[in-house]
Amino acid sequence: MEKYNTIVNPIPVRTWNWLGVNGTKLENEIPAIGTYKKQPLKTSNPAVSIINLDQNNQEYPVLDELNAGLNEELQEFVQVNQNSGFYIEIAANDQVKDPILLQYELDDQDKTLVDQHMILARKNSEATIVIGYQAADESRGFHNGITKVYAEQGASVHLIKVQMLSEQDIHLDAINVFVESDAQVDITTVELGAAQAITSCRTNLAGDNSTVQVQAIYFGDKERKLDMNYVVSHKGKKSIGNMEIHGALMDKSQKTFRGTLDFLKGSRGAIGNEAEEIVLLSPNVRNRSVPLMLSGESDVEGHHAVSIGKMDEDKLFYLMSRGLSLSDAEKLVVEASFQPALDKIPVSEIKTQISTYIRRRLSHAE
C-alpha cells in the first residue's frame with residue numbers, strides 16, 4: 001500500500017484555501033499494482049493502427065510531450081506502473097465509421113488497472129474511440145488512467161469515456177488533448193461510479209479555427225466524492241471551446257467541478273462557453289462549482305454560467321398530472337437532463353448499460 005498526501009487536480013489559479021477548491025487529496029492508499037489479464041480491445045479495424053503499449057517500447061514523441069495526469073507524481077506513477085494501454089493511429093484522410101471500443105472490467109481477479117492510451121489522428125482523418133470502465137463485483141478496485149489525443153490539421157476525433165465502477169472503487173483519470181488548425185475534438189465523459197472519483201480534462205486549442213466540444217454528465221449518491229477539473233486553453237485564432245456539464249447529487253454525496261476557459265495571448269477572435277447545470281435531490285449534499293475565466297487577449301468572447309437548484313416545479317407538476325409519482329417524476333427529469341450526452345454514444349449496448357445503471361442508482365431516491 002502507498003499513501004499520497006500531495007494535492008492532486010489543482011485549479012489553474014489558486015484562490016482562498018478556506019473555500020476548499022484549490023485541489024483535492026486522495027483519501028485511500030494506493031494498492032500494489034498487479035497485472036491486468038483481460039483483453040479490453042473489443043473491436044478492430046484494418047484501416048487503424050492499434051499497438052499494445054505493454055508489448056512495445058517504441059517512443060511516440062508528439063504524444064509523449066503531452067503532459068497528463070492529476071499531478072506530476074501520479075503521471076509518473078502511470079509511466080512506472082502501467083499494466084494496459086494502446087497506441088491508436090488513424091491514417092491521413094481515413095474516415096473510420098465504426099467506433100473503436102475498449103472495455104475494462106475490475107473484479108476479484110483484476111483489482112488494479114493503470115492504463116495509458118495514445119491517440120493520433122492524422123490530417124483530415126476521422127474516428128470515434130470509446131473507453132469504458134465497469135465493475136463485475138463489489139470487491140475494492142483501483143484505477144488510474146491517462147488518455148492523450150493529438151488531432152492534426154483537419155482531423156475529427158470523438159473520445160467517449162464511461163465510468164461505472166462500484167461504490168468501493170477508486171477512480172483517477174486524466175485526459176490531455178492537442179488540436180491543430182481546422183481540427184475538432186469532441187469529448188464525452190460519463191462519471192457515475194466509484195467511492196472517490198478524481199478526473200481532469202485539459203484541451204489545448206493550438207491551431208487557428210480549432211474546435212473542442214466537451215460534454216459531461218455525473219451522478220453522486222450515498223457518500224461518494226467526485227472532483228472534476230476541466231480546462232480549455234485557447235491559443236489559436238478564432239478557436240472555439242465549449243463545455244456543457246450536467247449533474248445530479250443526492251444523499252450525502254460531494255462534488256467539486258472546476259471549469260476554466262483560458263484565452264492565451266494571440267487567440268484573437270476565440271470564443272469559449274462553459275455551462276454547468278446541477279440538480280440537488282437532497283439537502284445534505286455538498287456542491288462546489290468554480291467557473292473560472294482567464295484572459296491574456298482582449299479580442300475574445302467568453303461566457304460561463306452555473307445553475308444549481310432543485311427540480312423545476314413546473315416540469316414536476318406536468319409529469320405528476322400525467323399520473324407519475326413525485327419520485328418517478330424526479331427520476332425522469334434527471335434522466336432527461338443526461339440524454340444529450342448519452343445520444344452522443346454510438347454503441348447501443350453501452351447506452352443501455354448506462355441507463356440501467358442510472359435507474360438502479362436512482363431507485364433509492366426519496
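Keep in mind that the numbers below use all heavy atoms, side chains included, and drop hydrogens, waters and symmetry copies. Keep in mind that this is a model prediction, so the values were computed, not measured.
Between the side chains of Asp262 and Thr260, no donor-acceptor pair is found at a separation under 3.5 Å. With hydrogens and angles left out, the side-chain atoms of Asp115 and Asn83 include no donor and acceptor closer than 3.5 Å.
The only option from Val212, Asn273, Val232 that meets the side chain to side chain contact (heavy atoms under 4.5 Å, CB included) definition with Met243 turns out to be Val232. When Thr189, Thr188, Asp173 are each tested for a side chain to side chain donor-acceptor pair (under 3.5 Å) with Lys161, only one passes: Asp173.
Summarising the geometry of Tyr36 relative to Glu105, their closest heavy-atom pair is OH-N, 2.9 Å, with the distance given to 0.1 Å. Contact record, Val114 with Val78: CG1-CA, 3.7 Å, taken as the closest heavy-atom pair. In terms of heavy atoms, Leu192 sits closest to Met164 at CD1-CG, 4.1 Å. Heavy atoms only, all atoms of each residue included: Gly34 and Thr112 are closest at N-OG1, 3.1 Å. When all heavy atoms of Gly85 and Tyr104 are compared, the pair lying nearest together is N-OH, 4.1 Å. The minimum heavy-atom distance linking Val179 with Ser210 is given by the pair CG1-CB, 3.7 Å.
Here Ile278 contributes atom CD1 and Leu249 contributes atom CG; the two are 7.5 Å apart, rounded to the nearest 0.5 Å. Rounded to the nearest 0.5 Å, atoms CD1 (Ile160) and CG (Leu102) are 12.0 Å apart. Atoms CD and CG, on Glu89 and Asp94 in that order, are 10.0 Å from each other to the nearest 0.5 Å. With rounding to the nearest 0.5 angstrom, the CG atom of Asn71 is 11.5 Å from the CZ atom of Phe77. Going from atom CG of Asn52 over to atom OG of Ser84 covers 6.5 Å, rounded to the nearest 0.5 Å. Taken to the nearest 0.5 Å, the CG atom of Leu226 stands 8.0 Å off from the OG1 atom of Thr256.
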Fill in: Chi angles and distances behind the side-chain hydrogen bond (donor to acceptor under 3.5 Å, both in side chains) call for Ser49, Tyr87
CA-CA 8 Å; Ser49 174; Tyr87 169 79; over 6 Å; no
Worksheet item: Can Ile308 and Leu280 be said to form a side chain to side chain contact (heavy atoms under 4.5 Å, CB included), step by step?
Response: CA-CA 7 Å; Ile308 307 171; Leu280 306 181; 3.7 Å; yes
Worksheet entry | Verdict with supporting geometry, Asp251 and Arg224, salt bridge (charged side-chain N to carboxylate O under 4.0 Å, His left out) | CA-CA 9 Å; Asp251 302 327; Arg224 298 179 197 255; over 6 Å; no
Fill in: Stepwise side chain to side chain contact (heavy atoms under 4.5 Å, CB included) test for Ile358 and Ser355
CA-CA 5 Å; Ile358 292 173; Ser355 296; 5.9 Å; no
Practice prompt. Evaluate the side chain to side chain contact (heavy atoms under 4.5 Å, CB included) criterion for residues Glu126 and Ile90: first the C-alpha distance (whole Å), next the side-chain angles of each, then the deciding distance (0.1 Å), finally the verdict.
Written response: CA-CA 7 Å; Glu126 182 176 344; Ile90 302 95; over 6 Å; no
Worksheet entry | Worked verdict on Asn45 versus Ile100 for side chain to side chain contact (heavy atoms under 4.5 Å, CB included) | CA-CA 8 Å; Asn45 189 314; Ile100 300 163; 5.6 Å; no
Fill in: Chi angles and distances behind the side-chain hydrogen bond (donor to acceptor under 3.5 Å, both in side chains) call for Glu191, Gln163
CA-CA 5 Å; Glu191 295 292 344; Gln163 185 267 117; 2.8 Å; yes
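Applying the side chain to side chain donor-acceptor pair (under 3.5 Å) rule to Gln196 yields no partners; only residues at least two apart in sequence or on another chain are considered. Not counting sequence neighbours, the partners of Ser267 by the side-chain contact (heavy atoms from CB on, under 4.5 Å) test are His234, Phe263, Ala270, Glu297, Val300. Every residue two or more places apart in sequence or in another chain was checked for a ring-ring contact (aromatic ring centres under 6.0 Å, His included) with Phe86, and none qualifies. A search for side chain to side chain donor-acceptor pair (under 3.5 Å) contacts involving Glu152 returns Arg122, not counting sequence neighbours. Partners of Asn93 under the side-chain contact (heavy atoms from CB on, under 4.5 Å) rule, at least two apart in sequence or in another chain, are Asn124. In this structure, the side chain to side chain donor-acceptor pair (under 3.5 Å) partners of Asp169, at least two apart in sequence or on a different chain, are Ser166. Scored by the side-chain contact (heavy atoms from CB on, under 4.5 Å) test, Thr211 finds Gln184, Gln213, Ile240 as partners (sequence neighbours excluded). Applying the side chain to side chain donor-acceptor pair (under 3.5 Å) criterion to Ser200, with sequence neighbours excluded, gives no partner residue. Lys237 is linked by a side-chain contact (heavy atoms from CB on, under 4.5 Å) to Asp208, Arg268, counting only residues two or more places apart in sequence or in another chain.
Between Lys252 and Asp221 there is no salt bridge, since none of the side-chain N atoms of the basic residue sits less than 4.0 Å from a carboxylate O of the acidic one. Under a 4.0 Å N-O distance rule, the pair Asp110/Lys37 qualifies as a salt bridge.
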For residues 338-346, run the donor-acceptor check on the side chains, cut-off 3.5 Å, and write out each pair with its distance to 0.1 Å, sequence neighbours left out.
| unit_1 | atom_1 | unit_2 | atom_2 | d |
| --- | --- | --- | --- | --- |
| Gln339 | NE2 | Asp343 | OD1 | 2.9 |

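In Glu223, the CD atom is not crowded: 12 or fewer heavy atoms of neighbouring residues, nucleotides or ligands sit closer than 6.0 Å. Residue Gln39 qualifies as enclosed at atom CD: its count of foreign heavy atoms under 6.0 Å is above 12. Atom CD of Glu138 has more than 12 neighbouring heavy atoms from other residues, nucleotides or ligands inside a 6.0 Å radius. Heavy-atom neighbours of Lys351 NZ from other residues, nucleotides or ligands within 6.0 Å: above the threshold of 12.
Cluster membership for Leu264 and Leu205, using ILVMFWY side-chain heavy atoms within less than 4.5 angstrom, is not shared. Under the 4.5 Å side-chain heavy-atom criterion for ILVMFWY residues, a single connected hydrophobic cluster contains both Ile170 and Val8. Both Tyr357 and Leu101 sit in one connected hydrophobic cluster of ILVMFWY residues. Membership requires side-chain heavy atoms under 4.5 Å apart, directly or through other members. Placement of Val231 and Val306 in two distinct hydrophobic clusters is found when ILVMFWY residues are connected by side-chain heavy-atom separations under 4.5 Å, directly or transitively. In terms of hydrophobic clustering, with Ile, Leu, Val, Met, Phe, Trp and Tyr side chains grouped at heavy-atom distances under 4.5 Å, Ile271 and Met293 are assigned to different clusters.
Contacts classified as salt bridge (charged side-chain N to carboxylate O under 4.0 Å, His left out) and involving residues 270-293 (residues at least two apart or in different chains) are given here: Lys255-Glu276.
Other members of the hydrophobic cluster containing Trp18, listed by chain and number, are Ile11, Val13, Trp16, Leu19, Val21, Val290, Leu292, Leu294; membership follows side-chain contacts under 4.5 Å among ILVMFWY residues, whether direct or relayed.
Side-chain atoms of Asp227 never come within 3.5 Å of backbone atoms of Thr199 as a donor-acceptor pair (strictly under, hydrogens ignored).
Side-chain contact between Pro12 and Asn229 is present, with heavy atoms from C-beta onward closer than 4.5 Å.
Between His171 and Tyr133, the angle of the ring planes lies from 30° to 60°, which puts this pair in the tilted group.
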